[in-house]
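All residue numbers refer to positions in the sequence shown, counting from 1.
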Amino acid sequence: MGSLLQLQDLNLAPSPFSSLTSTSTSTTTPAAASTSSNTIATSLSAKETAKAFLVPKLEPKLEPFDVETPIYHHQPQDPGSSTHAFLLTSSAPNYFSNSQLTTPLSQSISSEDDNANDHYSEYNRISEHFRTAFAKRLQDQYGDISVVSDPDSRAIVPHNEDDNSNTALSTVVVSRRPKYPQRSSELVRVTDLGIEDQRYFRDLVRRTRMVYDSLRILSILEEKRRGERRARGDLRAASAMRDCGLWLNRDKRIVGSIPGVQIGDVFFFRMELLVMGLHGQAQAGIDYLPASQSSNREPIATSIIVSGGYEDDEDAGDVIIYTGHGGQDKLNRQCEHQKLEGGNLALERSMRHGIEVRVIRGIKHEGSVSSKVYVYDGLYKIHECWFDVGKSGFGVYKYRLLRIDGQPEMGSSILKFSESLRTKPLTVRPRGYLSLDVSNKKENMPVFLFNDIDNDHDPLCYQYLERTVFPVFVFTNGSNGTGCDCVSGCSDGCFCAMKNGGELAYDENGFLLRGKPVVFECGVSCRCPPACRNRVTQRGLRNRLEVFRSRETGWGVRSLDVIHAGAFICEYAGVVLTREQAQIFSMNGGGLVYPNRFSAKWAEWGDLSQIYPNYTRPSYPELPPLDFAMDVSKMRNVACYMSHSSAPNVLVQFVLYDHNNLMYPHIMLFAMENIPPLRELSLDYGVADDWTGKLAICN
């Protein structure tokens with residue numbers, strides 16, 4: 001484990017000696033810097049020796065494309081006082097409110113002195129009117145905030161209880177301590193993780209992201225049912241997970257790589273970055289440990305978001321010229337000089353101590369649920385800091401960051417490369433393509449076939465199937481020919497929804513709400529249109545896939561698009577064989593795929609047992625044990641080339657739509673997480689070849 005430092009928040013009330021930190025840091029000696037960089041901050045500073053004073057509130061570096069979220073600023077008073085004020089700095093709806101955190105408004109009013117003269121009586125009367133109006137307006141605007149008043153006070157400014165003056169404690173906005181853990185002030189660096197530790201943290205991150213994504217999708221659907229115009233499921237999901245203590249890395253502030261988060265991982269919401277502990281600010285572009293929480297009174301930056309929010313930013317990939325925060329108006333225009341404080345000072349201190357920062361890039365992305373995608377691009381070091389005149393004529397602080405060598409390729413560069421592949425593949429990669437559409441236009445999207453390793457062209461020898469071939473008796477046995485009458489499209493409560501337990505399995509964007517034993521989609525007997533919300537898997541491929549030759553897994557599958565968590569990918573297609581047919585086929589040495597061996601990963605998608613203690617796994621509609629096999633030896637589709645993994649990013653969901661025979665469902669594949677472009681897709685087949693880690697038939 002490496003070492004790190006701690007620091008002070010300029011929004012808090014520092015002691016007089018700590019207020020000189022920003023001016024004295026430039027004179028830090030090399031010896032002091034070396035000592036600081038080799039120390040892990042594990043405790044707060046010594047108790048305050050003088051009465052605290054307020055300093056101007058800093059403006060964080062805001063991202064122009066992010067939606068404003070409510071943030072509470074803790075404004076402490078005198079260090080010896082137990083009273084604190086909380087100021088709401090956003091007029092957006094408070095998704096983080098907790099009705100149990102407030103106390104009711106006290107209406108008790110007492111006079112200061114019965115013998116007060118007429119002048120003070122008139123003053124007290126006016127003060128009381130003002131206090132009453134102030135309190136009522138606060139309650140009307142913010143229902144989750146209460147206002148209490150001391151019965152012996154008519155002042156508005158909070159007062160130290162130890163003060164013996166005649167001015168008593170006045171009206172303040174109060175809140176009990178939240179039940180979720182606060183961010184730690186201890187800086188640590190995680191190094192030398194073993195293989196088992198890496199698997200553990202990766203699985204922890206994967207499961208946490210599944211909870212967030214499934215909860216976000218369900219929250220959006222619930223908000224739209226209530227008629228809310230602007231559904232913010234990302235905020236509600238993050239709030240619920242925070243209240244349940246499911247945010248990661250809250251007990252430590254990690255400098256460097258976050259265990260379980262890989263370079264190239266993609267996120268669609270800023271709140272998800274907070275849940276993972278990758279970036280701790282909902283709006284600010286610089287995340288840092290404030291000086292008030294540091295033993296040496298110096299702030300340390302841990303991560304930044306680069307998204308073009310400042311006109312003076314320059315991004316060349318491995319080299320970044322990053323502009324500090326502050327000095328912008330509401331329209332993101334530079335209107336004043338920046339100051340060396342807050343995040344700006346933290347970046348300068350990180351440069352002095354040689355501490356690396358995480359870089360997350362925000363990129364506009366068409367087709368994203370948030371119109372933007374955040375990509376983790378690894379670790380950078382700050383090599384230079386200077387004050388310069390920006391394009392608008394105001395002074396700005398600039399930082400030159402260089403990417404540390406030896407890291408995997410940046411996710412943002414892979415994202416741009418995949419965009420080029422979608423439009424002009426032969427120009428970008430002139431060699432290696434065996435086919436630009438191995439499906440021969442049977443799919444909605446072309447399926448590329450790429451091999452730049454050897455001369456193997458085995459996938460070209462098979463007949464491509466876009467759908468599974470079932471025996472004829474499947475359509476005659478168990479089909480009743482009934483369907484819904486939803487002419488304009490299905491909704492919760494219709495006939496097909498009742499077959500699924502009372503609600504449809506997908507949201508309006510086609511994302512799977514929660515995994516089920518089997519999903520009933522609308523079929524040929526239904527009157528709903530092809531664009532119906534309950535016909536997701538019947539619309540075929542929505543992402544451009546590529547079958548590629550791999551040195552590790554033989555043949556594999558990857559996507560050229562970003563795949564959202566819960567999105568449909570494709571069907572696992574082949575020729576269905578009965579048990580008797582499968583026995584004969586296997587005697588001749590043929591390889592088969594048994595659907596009943598697929599791991600029940602569908603139960604993990606939508607599992608909210610950590611949020612709701614009474615949550616139970618969906619058990620309806622019940623699916624009998626599957627007793628058939630699939631022959632993919634001569635006819636198959638792109639899914640048959642997916643690799644095996646015990647921690648897959650793709651799950652199997654059984655679906656019925658063209659018949660009602662529960663013994664023979666379709667095998668549909670959905671994404672378990674946000675899958676970035678060119679990352680290999682993997683399934684848990686249940687039984688894999690010990691040598692290849694993949695079913696032998698597909699290798």
Side-chain angles (χ1 to χ4, degrees), residues 7-14 16-28 33 53-66 68 71 73 75 87 89-90 279-292 294 297-316 319-353 355 357 359 362 380-402:
L7 331 154
Q8 169 170 349
D9 188 354
L10 297 180
N11 289 324
L12 302 182
F17 64 82
S18 64
S19 63
L20 302 176
T21 302
S22 62
T23 58
S24 62
T25 51
S26 59
T27 60
T28 303
F53 57 91
L54 299 178
V55 296
K57 174 181 175 296
L58 296 178
E59 295 182 359
K61 179 169 182 176
L62 302 181
E63 303 300 325
F65 307 116
D66 290 339
E68 185 177 0
I71 303 175
H73 291 281
Q75 184 177 356
L87 304 179
T89 61
S90 173
H279 187 79
Q281 300 293 328
Q283 288 183 289
I286 305 174
D287 185 23
Y288 64 98
L289 180 71
S292 62
S294 171
R297 296 298 184 186
E298 291 185 352
I300 293 295
T302 56
S303 63
I304 63 172
I305 293 182
V306 181
S307 60
Y310 280 68
E311 60 185 7
D312 296 295
D313 287 348
E314 299 178 17
D315 189 358
V319 181
I320 302 174
I321 305 299
Y322 188 75
T323 307
H325 68 195
Q328 284 192 336
D329 57 18
K330 294 181 179 180
L331 300 178
N332 299 312
R333 297 176 301 190
Q334 202 71 30
C335 59
E336 62 181 8
H337 301 304
Q338 293 182 351
K339 300 178 181 179
L340 189 61
E341 57 188 10
N344 296 344
L345 179 60
L347 288 174
E348 192 272 341
R349 292 292 87 190
S350 294
M351 178 193 68
R352 296 293 182 188
H353 297 304
I355 298 175
V357 295
V359 172
Y380 286 67
K381 277 198 173 182
I382 308 171
H383 286 257
E384 189 178 359
C385 169
W386 70 96
F387 190 74
D388 198 1
V389 178
K391 295 180 180 180
S392 298
F394 295 97
V396 295
Y397 281 93
K398 293 185 177 181
Y399 306 86
R400 184 170 178 264
L401 288 80
L402 297 181

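Q328 CD to E336 CD: the interatomic distance, rounded to the nearest 0.5 Å, is 10.5 Å. Rounding to the nearest 0.5 Å gives a distance of 7.0 Å between CD of Q334 and CG of D312. In this structure, CD1 on I300 lies 9.0 Å from CG on L345, to the nearest 0.5 angstrom. From H353, atom NE2 reaches atom CD of E348 across 8.5 Å, with rounding to the nearest 0.5 Å.
The neighbour count for K398 NZ, taken as heavy atoms of other residues, nucleotides or ligands under 6.0 Å away, is above 12.
Listed by chain and residue number, R361 satisfy the side-chain hydrogen bond (donor to acceptor under 3.5 Å, both in side chains) test with Y380 (two or more places apart in sequence, or in another chain). For S350, there are no side-chain hydrogen bond (donor to acceptor under 3.5 Å, both in side chains) partners at least two apart in sequence or on another chain.
Residues P299 and Y288 come closest through the heavy atom pair CB-CD1, 4.1 Å. Minimum heavy-atom separation, A301 to I286: CB-CG2, 4.5 Å.
Between L401 and V319 there is no side-chain heavy-atom pair separated by less than 4.5 Å. Using a 4.5 Å heavy-atom cutoff, the side chains of Y322 and E314 are not in contact. Here the side chains of I382 and R400 are not in contact, with every heavy-atom distance at 4.5 Å or above. In this structure the side chain of Y399 never reaches within 4.5 angstrom of the side chain of I321, judged on heavy atoms. Under the 4.5 Å side-chain criterion, counting only non-hydrogen atoms from C-beta, I305 is in contact with H279.
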Under the side chain to side chain contact (heavy atoms under 4.5 Å, CB included) criterion, do V359 and I304 qualify, and how do the steps go? CA-CA 5 Å; V359 172; I304 63 172; 4.0 Å; yes
Walk me through it: do V396 and Q338 pass the test side chain to side chain contact (heavy atoms under 4.5 Å, CB included)? CA-CA 5 Å; V396 295; Q338 293 182 351; 3.8 Å; yes
S303 vs D287, test: side chain to side chain contact (heavy atoms under 4.5 Å, CB included). Steps then yes/no. CA-CA 5 Å; S303 63; D287 185 23; 3.3 Å; yes
Run the side chain to side chain contact (heavy atoms under 4.5 Å, CB included) check on T302 and L289 step by step: do they pass? CA-CA 7 Å; T302 56; L289 180 71; 5.5 Å; no
What side-chain donor-acceptor pairs closer than 3.5 Å can you find for residues 383-394, not counting sequence neighbours?
from, atom 1, to, atom 2, distance (Å)
K391, NZ, E311, O, 3.4
S392, OG, E311, OE1, 3.4
S392, OG, E311, OE2, 2.2

